[in-house]
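Presented below is the structure to which this report refers.
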2 protein chains.
Amino acid sequence: MSKQVTIKQIAQYAGVSEATVSRVLNQPELVSKQTIQKVKDGMDELQYRPSALAQSMRNHTTKTIGVVISNVLNPFFTTLVRGIEDAATKRGYSVIVCNTDENPDKEQRYINMLVDHQADGIILASTGNHANYHSMVNDMPLVFIDRMPQGKDANLYDTVLVDNEKGSFNAVDALIKQGATRVNAIVSPVATTGTERLNGFRKALTAHDFPIREQDIALDDYLGQHTAELALNLIQTNQCDALFCGNNVILMNVLKVLKEWQIGDMKLAVFDDQPWFDFVQYPIISVDQPAYLIGTKAFITLMDRLANPDRPVTHDIVRTKLVIR
Amino acid sequence: MSKQVTIKQIAQYAGVSEATVSRVLNQPELVSKQTIQKVKDGMDELQYRPSALAQSMRNHTTKTIGVVISNVLNPFFTTLVRGIEDAATKRGYSVIVCNTDENPDKEQRYINMLVDHQADGIILASTGNHANYHSMVNDMPLVFIDRMPQGKDANLYDTVLVDNEKGSFNAVDALIKQGATRVNAIVSPVATTGTERLNGFRKALTAHDFPIREQDIALDDYLGQHTAELALNLIQTNQCDALFCGNNVILMNVLKVLKEWQIGDMKLAVFDDQPWFDFVQYPIISVDQPAYLIGTKAFITLMDRLANPDRPVTHDIVRTKLVIR
DNA sequence: ATGAAAGCGCTAACAG
DNA sequence: CTGTTAGCGCTTTCAT
């Protein structure tokens with residue numbers, strides 16, 4: 001790196017003190033027009049850019065936030081991240097994205113890293129495996145998205161969530177109204193979402209006087225390595241004619257099985273919507289989560305918290321939309 | 001924020017100087033076993049974490065890199081970013097992702113931001129609208145991905161690219177071998193990739209003694225707002241029986257048109273592969289780019305450059321793979 | 001083996 | 001309106 005231009009050199013160039021240069025940047029109203037001009041000329045001439053590092057050091061604010069999610073490769077999270085980034089950029093914030101892969105150790109490490117970097121706050125899709133985030137982050141603001149905080153954190157932090165139960169209920173309800181006679185489910189038992197989605201599934205069955213059989217439910221591992229196997233088992237053993245998938249990754253794996261085994265007849269529903277669902281030969285019912293909006297809201301919530309650390313905790317539930325195909 | 005624990009407090013706790021505490025962190029071999037123990041006890045007791053900010057300030061290295069891409073919502077870039085992040089995390093680096101949306105101004109602003117933050121380097125999918133990145137980043141290392149640097153930068157920077165022309169050639173060649181009699185193309189005229197892909201398209205036609213008609217080629221805008229229109233026009237006007245799409249976004253828009261107009265018969269090829277292509281009713285031929293690998297390589301290249309600023313510039317071309325469906 | 005002191009680039013009292 | 005000074009938390013000579 002070529003040596004960077006500092007406030008000192010600008011001060012020299014303009015024949016003023018460093019403090020004055022700093023004032024031109026931060027409180028120009030306290031500086032005379034002429035001086036401002038001289039200083040600005042110097043900045044242009046020397047191509048001065050203030051060191052964000054030094055500013056952070058002094059001001060105890062980095063204008064950086066962390067976003068801790070499971071995996072950017074999942075388009076749900078990608079959209080969410082984009083929502084956050086757009087909102088953040090507008091306010092002059094930078095975003096550091098961290099993928100936990102649902103691994104609590106990774107999550108821990110990333111949060112430590114964000115603490116070390118003095119991020120101004122964190123937006124977190126918790127793995128659900130840490131009961132006490134508060135002790136990890138000191139008093140850094142945290143906004144929980146997608147998954148509910150648990151244990152000690154439960155009522156300590158702002159949240160932006162969706163109504164998983166209701167969304168799932170609607171999807172399964174729609175399957176049955178389309179004529180499904182036996183609906184099975186595959187969900188991922190991650191954090192709070194899996195359970196909630198399963199609750200919706202069960203309630204929908206009950207609402208239609210369908211029996212709830214535990215063998216009709218399969219719990220996926222996060223990585224989806226056994227989804228295909230599980231799906232095949234459900235299909236063959238239970239002769240189900242409809243399948244409710246807990247997220248878009250699961251659906252993808254189910255589609256693989258259907259294709260491989262040339263199973264043409266299967267009603268499908270899934271939590272989370274993706275554009276390409278339109279082009280699949282099966283008419284996929286989906287629960288559309290406003291991922292981008294969740295991102296935006298989470299960021300705004302974080303900013304509010306930063307501006308007013310003592311305001312009461314907020315819990316935001318955003319609407320899902322049922323897409324029938 | 002509760003006041004953070006500093007080296008000073010550890011020093012007090014252990015009854016040593018700040019310098020010694022610092023040494024325990026950075027050069028423990030210079031410190032006696034006993035002192036190390038005392039200091040470490042203090043760190044544990046007070047839950048000390050070094051301020052990355054202060055370290056960056058002193059060491060002139062932030063352990064942070066910037067990744068400037070067009071849009072994380074595009075799964076190609078998402079995968080690329082994940083490749084970078086995984087590699088970066090392993091080496092203790094944080095990543096700041098910036099979406100330009102192919103907007104040169106945004107790109108400019110983001111690069112400035114990264115310079116202000118003293119990022120150690122930038123991985124850049126250039127919009128192609130700045131001829132002289134070198135002047136924007138001072139001597140910060142830059143690695144170009146996906147798109148070639150132009151103008152003054154052309155031979156100044158390391159690159160990790162794919163062979164767009166060859167990949168496109170193969171895809172179009174495959175279309176023709178599958179029996180296509182008139183292949184049209186829609187590409188996005190972004191940076192260098194559009195032109196190169198079009199070259200491949202043209203060469204494939206020529207290789208099969210097909211005429212090259214300029215009205216068979218449509219140039220998309222980046223946002224894809226008119227892709228559908230363009231596609232429909234090509235299909236109706238030219239009666240083409242095959243379409244080569246310059247990227248996965250274009251393909252998606254083409255699929256929408258085909259669906260809406262119930263056009264069942266169309267051979268499709270696209271640059272870039274996505275898993276869901278398997279489930280679409282059309283047998284999509286695709287050029288699979290190793291996006292994750294590009295990310296990994298780009299990061300490694302950047303690290304190499306950082307370790308050895310004066311080594312010769314490298315130009316890496318990664319292999320694409322033709323997927324026939 | 002350890003400490004004192006300077007300084008990275010910037011901002012914010014405090015004086016004048 | 002402007003300058004002087006101290007200090008954010010850390011690392012690194014230079015002494016001892």
Side-chain angles (χ1 to χ4, degrees), chain A residues 1-40 42-43 46-64 92 113 115-120 138, chain B residues 1-40 42-43 46-64 92 113 115-120 138:
Chain A
M1 352 268 143
S2 72
K3 66 232 157 270
Q4 68 163 332
V5 181
T6 74
I7 232 173
K8 193 171 187 171
Q9 301 168 51
I10 306 301
Q12 241 153 27
Y13 182 102
V16 299
S17 74
E18 300 178 30
T20 300
V21 178
S22 176
R23 280 194 202 98
V24 171
L25 251 26
N26 302 302
Q27 321 166 71
E29 63 280 7
L30 301 184
V31 185
S32 78
K33 297 257 180 231
Q34 306 169 37
T35 312
I36 291 188
Q37 198 48 52
K38 272 191 299 178
V39 170
K40 286 203 163 155
M43 292 180 169
L46 305 183
Q47 303 220 55
Y48 171 74
R49 316 219 93 236
S51 157
L53 232 45
Q55 291 180 318
S56 295
M57 187 96 200
R58 271 293 316 207
N59 301 337
H60 295 283
T61 164
T62 51
K63 291 278 192 177
T64 301
M113 182 270 277
V115 171
D116 295 349
H117 282 242
Q118 261 119 275
D120 290 347
N138 248 350
Chain B
M1 352 270 144
S2 72
K3 66 234 158 268
Q4 69 162 334
V5 181
T6 74
I7 231 174
K8 194 171 186 172
Q9 301 167 51
I10 305 299
Q12 244 154 25
Y13 182 101
V16 298
S17 73
E18 301 178 29
T20 300
V21 177
S22 175
R23 283 195 199 96
V24 171
L25 252 25
N26 302 301
Q27 321 168 70
E29 62 280 6
L30 299 184
V31 186
S32 79
K33 297 259 183 227
Q34 307 170 35
T35 312
I36 291 188
Q37 198 48 53
K38 272 190 300 179
V39 169
K40 286 204 163 154
M43 291 180 170
L46 305 182
Q47 303 219 57
Y48 172 74
R49 318 219 93 235
S51 157
L53 232 46
Q55 290 180 319
S56 295
M57 186 99 200
R58 273 290 318 207
N59 300 338
H60 295 283
T61 163
T62 52
K63 292 278 192 177
T64 300
M113 183 270 277
V115 171
D116 293 349
H117 282 246
Q118 261 118 277
D120 291 346
N138 248 352

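Labels below follow one simple rule: chain letters A, B, ... track the order of the sequence lines, proteins then strands, and each chain is numbered from 1. On a predicted model such as this, the values are computed, not experimentally measured, just so you know.
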Notebook entry, point to check: Is any side-chain heavy atom of B:M113 closer than 4.5 Å to a side-chain heavy atom of B:H117?
Noted result: yes
Rounded to whole Å, the CD-C1' distance (A:Q12 to C:dG9) equals 14 Å
Rounded to whole Å, the NZ-P distance (B:K8 to C:dG3) equals 15 Å
The nucleotide from D:dT2, C:dG3, C:dC10 with an atom nearest the side chain of A:S32 is D:dT2
A:L30 atom CG is separated from C:dT11 atom P, nearest whole Å, by 14 Å
Does D:dT2 have OP1 or OP2 under 4.0 Å away from a side-chain N or O of A:T35? yes
Taken to the nearest whole Å, CE/B:M43 to P/D:dG9 is 15 Å
Original post:
Would you say A:S17 reaches D:dG3's phosphate, i.e. side-chain N/O to OP1/OP2 under 4.0 Å?
Top reply: yes
Considering only heavy atoms from C-beta outward, does the side chain of B:T61 approach that of B:Q55 to under 4.5 Å? no
note: A:H60, atom NE2; C:dC10, atom P; distance rounded to Å ~ 16 Å
One would report the end-axis bend of the helix from C:dA1-D:dT16 to C:dG16-D:dC1, five pairs per end and rounded to 10 degrees, as 40°
Mind checking whether B:S56 and B:K63 have side chains closer than 4.5 Å, heavy atoms only? no
One should read off an interatomic distance between A:S51 OG and A:R58 CZ, to the nearest 0.5 angstrom, of 13.5 Å
| query | Any side-chain heavy atom of A:P50 within less than 4.5 Å of one from A:L25? | reply | yes
From CD of B:Q9 across to P of D:dG9 the rounded distance in Å is 8 Å
The single option from A:T35, A:I36, A:L30 that satisfies side chain to side chain contact (heavy atoms under 4.5 Å, CB included) with A:T20 is A:T35
In whole angstroms, the gap separating C1' of D:dC1 from CD1 of A:I36 amounts to 11 Å
Nucleotide by nucleotide, nucleotides 11-16 of chain D touches protein heavy atoms under 4.0 Å in the pattern (B base, S sugar-phosphate only, - none) BBB---
Note: A:M57 and B:L53 closest approach over all heavy atoms is N-CD2, 4.1 Å
Rounding to 0.5 Å, atoms CG (A:N138) and CD (A:Q118) come to a distance of 10.5 Å
note: A:M57, atom CE; C:dA12, atom C1'; distance rounded to Å ~ 15 Å
Pairs of donor and acceptor atoms involving the side chains of residues 7-16 of chain B, under 3.5 Å and at least two apart or interchain, shall be tabulated with distances.
| unit_1 | atom_1 | unit_2 | atom_2 | d |
| --- | --- | --- | --- | --- |
| B:Q9 | NE2 | B:Q4 | O | 3.4 |

